[in-house]
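Residue numbers start from 1 in every chain, and the chains themselves are labelled A, B, ... in the order their sequence lines are given, proteins ahead of strands. Quantities reported herein were computed from a predicted structural model and do not represent experimental measurements.
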Amino acid sequence: MELRLQTQFEQCARLAAWLADAGKAVAGSGPLTVDRVAAPSPTDADLFDLLLYRYMRMQDALGGRLLPTLLEAGGELPVESAYIDKLNQLERLGIVGSAARWMELRALRNRMAHDYPDSDVRLGILREALTSVPELLATYTAARRYASEKLGLALAVGTPPDRT
Amino acid sequence: MRLTPTQVDTIRDTARRCFGQDADVWLFGSRVDDTRRGGDIDLYIETDLDTPEASWDAERRFLGALYMALGEQKIDVVVKRRGDQRQLPIFEVARAQGVHL
């Protein structure tokens, strides 16, 4: 269990740093407008894909793997508990800001995988991705804090990203 | 139509809460077909919300609330703002094939 957690934390540390970089790159590229999204330049297309890809990977690593492992390691809930029960417990522990908000971000992640014909929708997804990067990173940081304070896990590798 | 009455109520009530009381919801896609199994829940929504930002904000809250109520599953939403003159082909398909909830 401890090895699994260590491995997942190391992976999330890498993904968090990459996501923070992608967020900074998009934020620094100028305002997101419907024109940029409707007919992106090759550079913009790469940039947008990078943000969405890294966002999805971070969401999956965090929500799909690390957080459930963390609850299991902490003995917080029976392993077979429903996802929503796990989420409510994560909210009580202060690891996710709110269960409802986390579900919004899950829905956002799932929408990233589609190619919507409506450029307003694509713009909405990109903007929401950008504004919620700090929330994802904060969840990761809170998970680290829980692991070290409550589980006594020594997290030698990877530092919490403070680059955003 | 392959949704339970409770699911229909949840979807309609949540849509009105997020998109306004005048919002209309149609189910379209594979869930309309009783002979098929599983599949995404495809929803088409018409709303009086008049800006892309307001519509996006409503979509975000709508999907989050449905995930909370129904569990995370494949739900796809197409939103038509009634004041928006654009007619995407998907709007017509959804209305023609869809079931009004």
Closer than 4.0 angstrom, basic N to acidic O: yes or no for B:R81 and A:D120?
yes

Using a 4.5 Å cut-off on heavy atoms from C-beta on, say whether the side chain of B:W56 contacts that of A:R127.
no

To the nearest 0.5 angstrom, please state how far the CE atom of B:M68 sits from the CD1 atom of A:I84.
4.0 Å

Would A:L50 end up clustered with A:L123 when hydrophobic side chains under 4.5 Å apart are linked, directly or stepwise?
no

Ignoring hydrogens, what is the shortest heavy-atom contact between B:L63 and A:R111? Give both atom names and the distance.
CD1-CD, 3.4 Å

Could you tell me whether A:D118 and B:R86 have a side-chain N and a carboxylate O separated by less than 4.0 Å?
yes

Chain B heavy atoms under 4.5 Å from A:L105: which part of the residue, side chain, backbone, both or neither?
neither

Measuring heavy-atom distances to chain A, does B:R61 have an atom under 4.5 Å in its side chain, in its backbone, in both, or in neither?
both

Pick from A:E104, A:H114, A:R101: which one has the most heavy-atom pairs with chain B under 4.5 Å?
A:E104

Quick check: is A:L47 connected to A:L51 through a chain of hydrophobic side chains (ILVMFWY, heavy atoms under 4.5 Å apart)?
yes

Taking B:D76, B:D57, B:I90, B:V78 one by one, which has the highest count of heavy-atom pairs under 4.5 Å against chain A?
B:D76

Using the rule that two of Ile, Leu, Val, Met, Phe, Trp, Tyr join whenever any of their side-chain heavy atoms come within less than 4.5 Å, decide whether B:Y44 and B:V99 are in one cluster.
no

Say you draw a straight line from OH of A:Y83 to OH of B:Y67; how long is it, rounded to the nearest 0.5 Å?
10.0 Å

Pick one of side chain, backbone, both or neither for A:A82, based on which atoms fall under 4.5 Å of a heavy atom in chain B.
neither

A:N110/B:E72 under side-chain contact (heavy atoms from CB on, under 4.5 Å): CA gap, chis, key distance, verdict:
CA-CA 10 Å; A:N110 290 337; B:E72 181 178 339; 3.1 Å; yes

Cluster link B:I75 to B:F28, ILVMFWY, side chain under 4.5 Å:
no

Quick one: pull up OH in A:Y116 and CG in B:L88 and give me the separation to the nearest 0.5 Å.
13.5 Å

Would you name the heavy atoms of B:G64 and A:A107 that are closest together and state the gap between them?
N-CB, 4.4 Å

Quick one: do A:Y140 and A:Y53 end up in the same hydrophobic cluster if we chain Ile, Leu, Val, Met, Phe, Trp and Tyr together by side-chain heavy atoms under 4.5 Å apart?
no

